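What follows is a short report on a single structure.
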Amino acid sequence: MKRIEIAVGIIIDSKKSIFVTRRAEGSHLAGCWEFPGGKVETGRGESVEAALSRELQEETGIQVTDTSLLKTLEYDYPDRQLKLHFYIVNGWQGTPEGREGQQSCWLNVSELIDAEFPEANQPIITELKQRYYTA
């Protein structure tokens, strides 16, 4: 099985709220909340950063202006193997919204509940809480 490269954007505002979307019915892990992003078109020579910009424009309508790599990790589901590149998106133009009909919202870091996100996101949620959450 070929490992699928995924670019993921953690869009975080000055209040430490994070923009999330819900996976559509009929998709892999339908109903889970997720950080927006998508597949890197490696066959076309697309870089991870280019895929992140493209996917966030398509899914949320924003133009990314500032990112930093948070972490890259590999995760294997029974039916697919992923290599996920998680980027903190600190700067953008436009207002994020669910442009593909998906539900979306802003959540404070403290509101990120592990059980509502895909298993592959668990270490990232833990890291975000350690980095940004102040009780």
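Any value given below was found using the heavy atoms of this structure, including those in side chains, with hydrogens, waters and symmetry copies removed. Quantities reported herein were computed from a predicted structural model and do not represent experimental measurements.
I4 is listed as a side-chain neighbour of I6, based on a closest heavy-atom distance under 4.5 Å. Counting heavy atoms from C-beta on, the side chains of H85 and E5 come closer than 4.5 Å. Within the 4.5 Å cutoff, no side-chain heavy atoms of V89 are placed close to those of I10. Annotation: side chain of P36 is not in contact with side chain of V8 (no heavy-atom distance under 4.5 Å). By the 4.5 Å heavy-atom criterion applied to side chains, L107 and S17 are not counted as neighbours.
One finds the CG atom of D13 at 9.0 Å from the CG atom of N108 (value rounded to the nearest 0.5 Å). Note: I88 CD1 to I124 CD1 = 8.5 Å, rounded to the nearest 0.5 Å. With rounding to the nearest 0.5 angstrom, the CG atom of N121 is 10.0 Å from the OH atom of Y75. C105 contributes atom SG, which lies 8.0 Å from atom CZ of F19 (distance to the nearest 0.5 angstrom). The CG atom of N90 sits 5.0 Å away from the CG atom of D66 when rounded to the nearest 0.5 Å.
Applying the salt bridge (charged side-chain N to carboxylate O under 4.0 Å, His left out) definition to pairs two or more places apart or across chains, none involves residues 81-101.
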Between Q63 and Q57, is the side-chain hydrogen bond (donor to acceptor under 3.5 Å, both in side chains) condition met? List the steps. CA-CA 6 Å; Q63 296 284 333; Q57 169 63 40; 2.6 Å; yes
Derivation of the side-chain hydrogen bond (donor to acceptor under 3.5 Å, both in side chains) call for E49 and Y87: CA-CA 9 Å; E49 293 81 6; Y87 283 82; 2.8 Å; yes
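Y77 contributes a side-chain N or O that, together with a main-chain N or O of A120, makes up a donor-acceptor pair within less than 3.5 Å. Of the possible donor and acceptor atoms, one in the side chain of T65 sits under 3.5 Å from a partner among the backbone N and O of G91. Listed for the R3 side chain is a donor-acceptor partner under 3.5 Å among the backbone atoms of L82. No donor-acceptor pair closer than 3.5 Å links the side chain of E59 to the backbone N or O of L56. At least one donor-acceptor pair closer than 3.5 Å links the side chain of K129 to the backbone N or O of L112.
Linking ILVMFWY residues whenever their side-chain heavy atoms come closer than 4.5 Å, directly or via other members, leaves W92 and L128 in distinct clusters. Both L52 and L69 are assigned to one and the same hydrophobic cluster, defined by single-linkage of ILVMFWY side chains at heavy-atom distances under 4.5 Å. The hydrophobic cluster containing V48 does not contain L70, counting ILVMFWY residues as joined when their side-chain heavy atoms lie under 4.5 angstrom apart, directly or transitively.
Smallest separation of non-hydrogen atoms from G98 and S104: N-OG, 3.4 Å. When every heavy atom of P96 is checked against every heavy atom of W106, the shortest pair comes out as CG-CZ2, 3.7 Å.
Scored by the side-chain contact (heavy atoms from CB on, under 4.5 Å) test, A51 finds A7, V40, E46, R54 as partners (sequence neighbours excluded).
With respect to E127 and K71, a salt bridge is recorded, a charged nitrogen being found less than 4.0 Å from a carboxylate O.
Put simply, the residue from T21, I18, I62, V64 that forms a side chain to side chain contact (heavy atoms under 4.5 Å, CB included) with I11 is I62.
Side-chain rings of F117 and F35 approach one another, their centers coming within less than 6.0 Å.
For E74, the CD atom counts as densely surrounded, since its 6.0 Å shell holds more than 12 non-hydrogen atoms of other residues, nucleotides or ligands.
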